[in-house]
Colleague: 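I have a structure I would like to understand better, so I am pasting it below and will then ask my questions one at a time.
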Amino acid sequence: MRRLRAILALCALLSLWNRPARSEEILAPESLLDLSIEQLMNIPVTTATRVERTLAGTPSAVFVITADDLRRSGVRSLPEALRLVPGMQVARIESGKWAVSPRGYNGRFARQMQVLVDGRSVYSSTFSGTEWEMLNIPIEEVKRIEVIRGPGGSTWGSNAVGGVINIITQPAAALPGTRLTLGTGTEERAYGLLQHAGRLDEDTAYRAYLQGFERDAAKGRLGLPAEDDWREARGGLRLERQLTPDDLLTLQGDLFRGAVGQTLLASDPAAPLQWPGSRALPEDMRTRGAHLLADWRHELGPRSHWSLRAYHQFQERREISLHDERRTYALEFEHRLPLGNDRHDVIWGADYKLVRDRIRGSEYIQFAGERQSVETLGLFVQDEITLLPNRLSLTLGSRFERTDRNGWEVQPSARLAFTPTERQTWWAGVSRAVRIPSRMEFTAERWLVRGQLPPLYTAAFVGSTNLDPEQLTAYELGTRLLLARELSLDLTLYYHDYSNLITLEYEAASKGTLAERLVAINGLDASTYGLEVALRYQPAPWWKLDFTYTLMRVHEHPRHGIDYFNDAWNEKDAPRHQAGVLSSFQLTRNLDLNLWARYVDNINDVAAYTVSSYAALDASLRWRFAPRYELTVAGQNLLSSSHAEYYPSTLLPTASTKVQRAVHVQLAIQF
């Protein structure tokens, strides 16, 4: 707490050192509803194909969360913002932990999804997934979030199976001046953010931020107290220099340190009945990390460029069950060029990645080998072929990737886009993607239950070095329609065919004994299908509505002859229905009101713990009461005092908590 207070005090002091703002730096009284529905359809998107295209013309299930959407929703974390996306299952496990995944197979480490920050992968090879508690980038630093539902393996490589999320931060030249944001509330005890952007000279722009926060513990459930308070300090810097009219060099980096409260469920047969075989051990998980990225982009023409990118990132987490350190080194090159009288828009590239980790286990979990290095070499090529100018295009692409663990994998993709008019796009796609097994699945051994007194029953999870990559073949069909200047529709149908999924099998003759062992194998096939709808409507200049709906089904197909630990877990883990409505009102020129209602169907976990369906309502009121001052009052989960959204993690077992009703007040000052 003392460290947080020092950070907030530093934010306030640094803000006073800046000279008074010029008139253009004062908080603008712009309307949240300035962008029309038609303009929103033309937002640029780069993640789906690595080539900038309009949202309307992108042949993928893509959804863009703009900085305006982030303000309207009133969220304070990235996972919460992803609830805006149709097809995305977002559940808060504890105060600082989330389960986030599109199209099923969710969990604290959603193994089927690749997450990027400005194109830099933050995927954890240790657990297969994203450690959201180590990715608390300030919402105010985000320019937009591009979300691809469905495979992106042909462009972004392995582990981009169920989807790709690219968090794109503000460029250095954006929003010049200094901004101080301070807030407090019932759950958000205190937070502060200091941002500053400016120019060193005509060709060099910079921006920097310093953030600190402390979040209160949530509400305990199933007889366990909540010990999940969360504290973190984070800072970042971005520098952009225009070397020549055609060359842009970007340097950026950040560093953070935090403490995430949690309750480890350690194996113990004398535990309370709510958690058979587990003992609750409260602790603070210590986190820290940093990254440094350099990007050089050279423009060759209107549709041609090359870029070279290198980055290094470090992450560390210390908890009772393990101590994990991971370093990533990456080098990436890409080149875009038009061919054949501009009928072919080709982009190709190559990249190299080295991940080095050091994992020290405990009496609860062990890993074979403390240190490990994994190298990945990737080559990709993509050609967008114009079949009929401005009407019909075919995009063919593939990625060829080699890892130390599984050798070469090929991930092809084909997408067809038909644009009969400027107001409608129809698209279809078929693609293949793979997920490389994680360090835990390969080398870990974890106690599920461990006996200490007669009859000395034990059960353990055991990894396997014989695992093959999980595979997906995906079929998608979608349309984007501008039905009127005030109304747009985005609809997607999909069918995913999975094979070689990793599951748990009872080791030969161990089932029913006093020493059961569950071994990771490629023993499961599955299919998922669904419907995703996003509707945007602006009935009046001062009123905007965003509606989303998701229908999702998961069916697993057990193979004969395998003695499964549980063969229907993921079928019950996916909510069949989800829906949301975000309604924004521009009450006056300087006052806006936002209401966000959501519904999520019930889910069940492997131990048959049910998380009931729930409805939630968030509200925020933003008032620009002076040219340089902005006051926001926001409430989350207003319909109930608390509700559960997920169950305890099974990979690293910590107790889940309930999400509580919360209110916070925020003041932003522009200097």
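These numbers come from a predicted model, not from an experiment.
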Colleague: Are the side chain of E133 and the backbone N or O of K97 linked by a donor-acceptor pair below 3.5 Å?
Modeller: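 Between the backbone of K97 and the side chain of E133 there is no qualifying donor-acceptor contact (under 3.5 Å).
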Colleague: Taking S464 for the side chain and N466 for the main chain, is one N or O donor matched with an acceptor at less than 3.5 Å?
Modeller: yes
Colleague: So, Y329 versus Y352, ring centres under 6.0 angstrom or not?
Modeller: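 No; Y352 has its ring centre 6.0 Å or more from that of Y329.
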Colleague: Tell me every residue that passes side-chain hydrogen bond (donor to acceptor under 3.5 Å, both in side chains) with D247, counting only those two or more places apart in sequence or in another chain.
Modeller: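 Counting only residues at least two positions away or on another chain, D247 forms a side-chain hydrogen bond (donor to acceptor under 3.5 Å, both in side chains) with T244, W296, H298.
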Colleague: Nearest 0.5 Å, please: how far is OG1 in T155 from CD in Q382?
Modeller: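 Interatomic distance, Q382 CD to T155 OG1, rounded to 0.5 Å: 7.0 Å.
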Colleague: Check for a donor-acceptor pair, side chain of N106 on one end and backbone N or O of V100 on the other, with a separation under 3.5 Å.
Modeller: yes
Colleague: Can you list the residues that meet the side-chain contact (heavy atoms from CB on, under 4.5 Å) rule with F127, with sequence neighbours excluded?
Modeller: F109, S124, E131, R317, L322, D324, M440, L651, L652
Colleague: Could you walk me through whether D295 and R120 satisfy the salt bridge (Lys or Arg N to Asp or Glu O under 4.0 Å) test, starting with their C-alpha distance in whole Å, then the side-chain angles of each, then the deciding distance to 0.1 Å, before giving a yes or no?
Modeller: CA-CA 11 Å; D295 184 279; R120 169 178 59 91; over 6 Å; no
Colleague: Can R111 and E470 be counted as an ion pair, charged N to O under 4.0 angstrom?
Modeller: yes
Colleague: Are the side chain of T425 and the backbone N or O of A56 linked by a donor-acceptor pair below 3.5 Å?
Modeller: yes
Colleague: Check whether any side-chain heavy atom of Y105 lies under 4.5 Å from a side-chain heavy atom of Y498, and answer yes or no.
Modeller: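 SC-SC contact between Y105 and Y498 confirmed.
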Colleague: Between W156 and T47, is there a donor-acceptor pair closer than 3.5 Å when you use the side chain of the first and the backbone of the second?
Modeller: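 The answer is yes, because a donor-acceptor pair under 3.5 Å joins these two groups.
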Colleague: So, R207 and E240, do they make that salt bridge, N to O below 4.0 Å?
Modeller: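 Salt bridge flag = no for E240 with R207.
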Colleague: Would you mind checking if E325 and R327 are paired as a salt bridge, meaning a charged N to carboxylate O distance below 4.0 Å?
Modeller: no
Colleague: Among pairs that include at least one residue of residues 377-393, which meet salt bridge (charged side-chain N to carboxylate O under 4.0 Å, His left out), considering only residues two or more places apart or in two chains?
Modeller: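 Qualifying pairs, neighbours excluded: R53-E384.
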Colleague: Sub-3.5 Å donor-acceptor pair from the side chain of T54 to the main-chain atoms of G57, do we have one?
Modeller: yes
Colleague: Can you confirm whether E370 is buried at CD, in the sense that more than 12 heavy atoms of other residues, nucleotides or ligands lie under 6.0 Å from that atom?
Modeller: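 Counting other residues, nucleotides and ligands, CD of E370 exceeds 12 neighbours.
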Colleague: Assign the ring pair F333 / H335 to parallel, tilted or perpendicular, where the plane angle (0 to 90°) is split at 30° and 60°.
Modeller: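 Judged by the thresholds at 30° and 60°, the geometry between F333 and H335 is tilted.
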Colleague: Can a side-chain donor-acceptor contact be found between T204 and R241 if the only test is distance below 3.5 angstrom?
Modeller: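 Short answer, yes.
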Colleague: Measure across P171 and R238 and return the closest heavy-atom pair with its distance rounded to 0.1 Å.
Modeller: CA-NE, 3.8 Å
Colleague: Between the side chains of T169 and D118, does any donor sit under 3.5 Å from an acceptor?
Modeller: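 Result is yes, a qualifying pair exists.
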Colleague: So, are R288 and E316 salt-bridged, with charged N and O less than 4.0 Å apart?
Modeller: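 A salt bridge links R288 with E316.
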Colleague: So do the side chains of E334 and R309 get within less than 4.5 Å of each other, counting heavy atoms only?
Modeller: no
Colleague: Is there a donor-acceptor pair closer than 3.5 Å between any side-chain N or O of T49 and the backbone N or O of V51?
Modeller: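 Here the side-chain-to-backbone pair exists.
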Colleague: What distance separates D490 CG from T479 OG1, expressed to the nearest 0.5 Å?
Modeller: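 Here the interatomic distance stands at 8.0 Å.
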Colleague: Is there a donor-acceptor contact under 3.5 Å from the side chain of S304 to the main chain of L300?
Modeller: no
Colleague: Rounded to the nearest 0.5 Å, what separates atom CG in D525 from atom CZ in R559?
Modeller: 4.0 Å
Colleague: Is the side chain of R83 donor-acceptor paired with the backbone N or O of A91 at a distance under 3.5 Å, no angle test?
Modeller: no
Colleague: Is D345 salt-bridged to R303, going by a charged N under 4.0 Å from an acidic O?
Modeller: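 A salt bridge links D345 with R303.
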Colleague: With a 4.0 Å cut-off, would you call R435 and E409 a salt bridge?
Modeller: no
Colleague: Under a 4.5 Å cut-off applied to non-hydrogen side-chain atoms, are L82 and E80 in contact?
Modeller: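 Side chain of L82 against side chain of E80, heavy atoms only: no contact under 4.5 Å found.
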Colleague: Y494 ring centre to R103 NZ or CZ under 6.0 Å, with the angle to the axis within 45°?
Modeller: yes
Colleague: Could you check I436, N522, I521, V434 and say which one makes a side-chain contact (heavy atoms from CB on, under 4.5 Å) with D468?
Modeller: N522
Colleague: Can R50 be said to sit on top of W348's aromatic six-ring, NZ or CZ under 6.0 Å from centre and within 45° of the ring axis?
Modeller: no
Colleague: Side-chain donor-acceptor pair under 3.5 Å between R432 and Q411, yes or no?
Modeller: no
Colleague: Determine, using ring centers only, whether Y529 and H555 are less than 6.0 Å apart.
Modeller: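 For H555 and Y529, the ring centres are under 6.0 Å apart.
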Colleague: Would the distance check show the side chain of Q424 and the main-chain N or O of T421 forming a donor-acceptor pair, the cut-off being under 3.5 Å?
Modeller: no
